[in-house]
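Below is one structure; the comments refer to it alone.
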Amino acid sequence: MNRNVKELISQMTLEEKAGMCSGLDFWHLKGVERLGIPSVMVSDGPHGLRKQDEQADHLGINDSIKAVCFPPAVLSACSFDRDLMHEFGDAIGKEAQANDLSVVLGPAVNIKRSPLCGRNFEYYSEDPYLAGETAAAFINGVQEHHVGTSIKHFAANNQEFNRMSSSSDADERTLREIYFPAFETAVKKAQPYTFMCSYNQINGTFASENPWLLTEVLRDEWGFKGYVMSDWGAVNDRVAGLKAGLELEMPSSNGVYDKEIVEAVKDGSLDEAILDQAVERILNIIFEYTDHREEQAFTLEADHDLAKKIAAESMVLLKNDSILPLKETEKIAFIGEFAKKPRFQGGGSSHINSFRVSSALDAVSENANITYAKGFPANDDIYDETLAKEAVETAKAADKVVIFAGLPDSFESEGYDRTHMRLPECQNRLIDEILAVQSEVIIVLHNGSPVEMPWLSGVKGLLEAYLGGQAVGEAVADILFGKACPCGKLAETMPYKLSDNPSYLSFGDGKNVNYQEGIFVGYRYYDAKEMPVAFPFGYGLSYTSFAYSNLKINKTEIGEDDTVTVSVDVTNTGDMEGKEIVQLYISDQTKAARRPIRELKGYEKVSLTPGETKTVVFTLNYRSFAWYNVGIKDWYAASGDYKILIGASSRDMRLSGNVHLTAKKRLPIQVHMNTTLGELLADERTAGYVAHFKKQLEGIFGMSSEGDKKEDGDVAISDAMNHAMVACMPLRNVVSYGMCGKKELLDMIEKMNQL
Ligand code: BGC
């Protein structure tokens, strides 16, 4: 429909316009009946619909409609599968259309900075590239149905404690390289209809009133076109927010802030054009939805099957000492209440009222060889001797034992963070007791974030099911019995213990959270520290095996405007059909800046029958090689060599090649009295200006020139020390050494600054 939104806005009163910028209630936007502007509804999300009708609350206390609970982000990200995420989004879009929802509140793409964040189960990854690609695919799927998404929580909302007031204090490079790119990729590849700003402050300014974040970066740089809404109750200063680029306040503030907007326009402190623009952005999205209502024929049953498929294609097999898959004829004991009552989603605003939940026991109900013992409760940490004894006996009598362990609901949720990384004590204790009588043990984990695994070396199998959505039991059973070939890989590192995590000393501060680890988040840190981990990022086993060969890089000498095509052949060398996730990492060899050892810049999932080979292709561009340079406020890659690594995980590189980049972009020269001789000598543009100082200093210190260093031997002032002193010498010292007059030096500095 051709609409003239500007014309419509010109007919609205000031009060109506201000009113459009906040919710009608918890879930609806206001409409203006006389002008034909409908009131539309938004709803959580994102791994299912949480549409609440009556007595709305946003904490999931009141029941919402019966819906399908798909796997939460913690699991679906492990699929590393853009097509699957698109299919997932497509199903959500159809369900939303059928239920008259204009926007689904998600996906949530915050980076997993610490395993302790209570909401990690809703977030995709510790890696911004994976989070961005996953989100973009999901958003495109949803929005094909003209239903919006609200990518959240923008930005740097990485803990729950004091989330509504604390400040995430991170330097700009860290924000740009780690905490922003998932949002940026989503804008560039999928243009989400809406953004949800986070509760927290960023470096002392609330996200909800941060013009740099909401306008300069989001709109001016990335090109976002939709509207920004607040997280529920995230508005601190409404007028400042509107000016900064926060169009919609959610939920309703009962007219309080609408009045402030009206007053600000009247007293001239808010330009009415800003309000008009906000209303226009909101109306565009409302009409995008209402002008494209579609009849939807979705069924809960079919979506349940899709939820199962996503779960089975995402669960990660972490250990398999020839124990899996199980055979139907073996006597198997299922232990732990999670086998009967799986934990398949997390608590809080994403909680779905599932129309059906399948447990692993339900899924194997026709197999008479399976026994069950509760062992421990799913929702508590209580060691019960009778239950434990019975479980040990059941385990002893079986050929193989599957222990369904995991975190109870109370251990992790929206609203608060975990305080440790352990499983309930009762579970660890029972696992040890079973290991004492039975060597054939497999653990299935139901958790939203990594746990310490003190029993890891004793068990023969480990399946990370995370929170699997409502079809979790069927997916687990299919993998255990080999009906599905495991093909998920970890979207996060599993450290051995909490204190290994880079944010350990600064996570969870209530006021100013110091992101002191900078860009070294997740594997970027563990790899730089050469730290052993329980399981690395990108890791996951299969029932079949894959060989990598024939790496081809179409250009090895590249400029900034080139794209590079990398291809590699992958062969299924086992005897089961399976899928492999091939990962591409780049390692900067230029030493121009402190950078992670390697970073994920591409991945593809490929399905192969036994013996089959397929070629996987990746495309890289300048940005793939670049880091964010705050000096030039832009992405920058230095000239030099970069390794292209093809891996089966972040720590299992199978093939490698090299490209040499010649960059046009030069970092600006900023020379002052305290710039060191070393810096100036290292830059070909300035080296000529200062080379004679170095020569003279060599004479003064009686040192050799760099090329022919003397043996230092046992001397107090070594040649190496002299060289280091000269390299670290600030320019001002050439004056005090009598090598140059001050005026002469200042002139030289001015010249260099003009280069
Ligand atoms: C959460 C959001 C959610 C909103 C509405 C907030 O508390 O942080 O993720 O979309 O509530 O339920």
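Every value quoted in this text rests on a predicted model; they were computed, and no experiment measured them. The analysis underlying the following values was restricted to heavy atoms, covering all of them including side chains, and did not include hydrogens, waters or symmetry mates.
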So, are Asp500 and Lys497 salt-bridged, with charged N and O less than 4.0 Å apart?
yes
Student check: side-chain heavy atoms of Ile352 and Val68 closer than 4.5 Å
no
How about Tyr289 and His146: are their ring centroids closer than 6.0 Å?
no
Are Thr493 and Glu126 close enough that a side-chain donor and a side-chain acceptor fall under 3.5 Å?
yes
Mark yes or no for whether Asp362, through its side chain, and Ser359, through its backbone, hold a donor-acceptor pair below 3.5 Å.
yes
Donor-acceptor contact below 3.5 Å, side chain Asp231 vs main chain Met196:
no
Pairwise distance OG(Ser114) to CD(Gln159) - rounded to 0.5 angstrom:
9.0 Å
Testing Tyr129, Tyr525, Tyr523 one by one against Phe537 for a ring-ring contact (aromatic ring centres under 6.0 Å, His included), which residue passes?
Tyr523
Would the distance check show the side chain of Ser166 and the main-chain N or O of Gly510 forming a donor-acceptor pair, the cut-off being under 3.5 Å?
no
Can you name the nearest heavy-atom pair linking Gly347 to His351, along with the distance?
CA-ND1, 4.1 Å
My understanding is that only one of Met421, Glu464, Glu452 makes a side chain to side chain contact (heavy atoms under 4.5 Å, CB included) with Met494; could you say which?
Glu464
Determine, using ring centers only, whether Phe224 and Phe195 are less than 6.0 Å apart.
yes
Can you find a pair of side-chain heavy atoms, one from Phe70 and one from Ile310, that are under 4.5 Å apart?
yes
Would you say that Leu248 contacts Met250 through its side chain, given a criterion of any heavy-atom pair below 4.5 Å between the two side chains?
yes
Strictly distance-based, threshold 3.5 Å: is any side-chain N or O of Gln191 a donor or acceptor partner for the main-chain N or O of Gly223?
yes
Expected output: side-chain Thr194 to main-chain Thr149 donor-acceptor under 3.5 Å
yes
Within the 4.5 Å heavy-atom criterion, are Ile202 and Leu175 side-chain neighbours or not?
yes
Under the salt bridge (Lys or Arg N to Asp or Glu O under 4.0 Å) test, residues paired with Arg82 that sit two or more places apart:
Glu133, Glu604
Can you tell if the side chain of Arg418 reaches within under 4.5 Å of the side chain of Val451, non-hydrogen atoms only?
yes
Between Ala156 and Asn200, the two heavy atoms sitting closest are O-ND2, 3.2 Å
Side chains of Asn158 and Tyr179: does their closest heavy-atom pair fall under 4.5 Å?
yes
Leu317, Asp478, Leu318 screened by side chain to side chain contact (heavy atoms under 4.5 Å, CB included) with Pro486, the one that passes:
Leu317
Would the number of heavy atoms belonging to other residues, nucleotides or ligands and lying under 6.0 Å from CZ of Phe355 be above 12?
yes
Assess whether atom NZ of Lys309 is packed by more than 12 heavy atoms of other residues, nucleotides or ligands within 6.0 Å.
no
Under a 3.5 Å distance rule, please check whether Lys112 uses its side chain to pair with a backbone N or O of Tyr123 as donor and acceptor.
yes
Steps toward side-chain contact (heavy atoms from CB on, under 4.5 Å) verdict (His446, Phe344):
CA-CA 7 Å; His446 294 76; Phe344 60 97; over 6 Å; no
Between Gln296 and Asn99, is any side-chain donor less than 3.5 angstrom from a side-chain acceptor?
no
Do NZ/NE/NH1/NH2 and the carboxylate oxygens of Asp127 and Arg524 come within less than 4.0 Å?
yes
Report the residue from Lys308, His47, His304 that forms a side-chain hydrogen bond (donor to acceptor under 3.5 Å, both in side chains) with Gln470.
His304
Please check this pair: side chain of Ser650 against backbone of Pro536, looking for a donor-acceptor N/O pair closer than 3.5 Å.
no
Does the side chain of Glu249 pick up a donor-acceptor pair with the side chain of Ser253 at under 3.5 Å?
yes
At what distance, to the nearest 0.5 angstrom, does CG of Asp44 lie from OG of Ser349?
4.5 Å
Between the main-chain N or O of Trp232 and the side-chain N or O of Tyr199, is there a donor-acceptor pair closer than 3.5 Å?
yes
Between Lys605 and Asp83, does at least one N-O distance fall below 4.0 Å, as a salt bridge requires?
no
Please confirm whether Arg113 makes a cation-pi placement over Tyr515, using NZ or CZ under 6.0 Å from the six-membered ring centre and within 45° of the ring normal.
yes
Please report the shortest heavy-atom distance between Ala234 and Ser198, naming the atom on each side.
CB-O, 4.0 Å
Which value, rounded to the nearest 0.5 Å, describes the distance between Met41 atom CE and Leu24 atom CG?
11.0 Å
Between Asp90 and Lys94, is there a salt bridge with N-O shorter than 4.0 Å?
yes
For the pair Arg219 and Glu247, find out whether any cationic side-chain nitrogen is under 4.0 Å from an anionic carboxylate oxygen.
yes
Least distance between heavy atoms, Gly23 atom then Lys30 atom
O-NZ, 3.5 Å
Can you see which heavy atom on Pro450 is nearest to which on Pro495, and at what distance?
CB-CD, 4.4 Å
Carboxylate-amine/guanidinium proximity below 4.0 Å for Arg119 and Glu122:
yes
Tell me, do Leu218 and Val228 make a side-chain contact under 4.5 Å, heavy atoms counted?
yes
In terms of side-chain geometry, is the basic nitrogen of Lys188 or Glu184 positioned less than 4.0 Å from the acidic oxygen of its partner?
yes
Do Arg343 and Asp409 meet the salt-bridge criterion of a basic N to acidic O distance under 4.0 Å?
yes
Verdict with reasoning, Ser167 to Phe206, per side-chain contact (heavy atoms from CB on, under 4.5 Å):
CA-CA 8 Å; Ser167 177; Phe206 276 102; over 6 Å; no
Consider only side-chain N and O atoms of Glu412 and Asn120, and report whether a donor and an acceptor are under 3.5 Å apart.
no
Backbone of Ser506 reached by a side-chain donor or acceptor of Ser503 within 3.5 Å:
no
Taken to the nearest 0.5 Å, the spacing of Ser252 OG from Tyr257 OH works out to 11.5 Å
Are Phe334 and Phe404 close enough that their ring centres sit under 6.0 Å apart?
yes
So, do Gln583 and Leu600 sit near enough that their side-chain heavy atoms are less than 4.5 Å apart?
yes
The reported gap from SG in Cys426 to CG in Asp381 (rounded to nearest 0.5 angstrom) is 4.5 Å
Fit a plane to each ring of Trp222 and Phe180, take the angle between them on a 0 to 90° scale, and name the class: parallel (under 30°), tilted (30 to 60°) or perpendicular (over 60°).
perpendicular
Could you tell me whether the side chain of Asn157 and the main chain of His153 form a donor-acceptor pair under 3.5 Å?
no
Single hit among Ile285, Ile286, Val142 for side chain to side chain contact (heavy atoms under 4.5 Å, CB included) with Tyr193
Ile285
If you look at every heavy atom in Ser354 and Cys69, which pair is closest and at what distance?
OG-CB, 3.2 Å
How long is the span from the CD atom in Glu313 to the CG atom in Leu75, to the nearest 0.5 Å?
11.0 Å
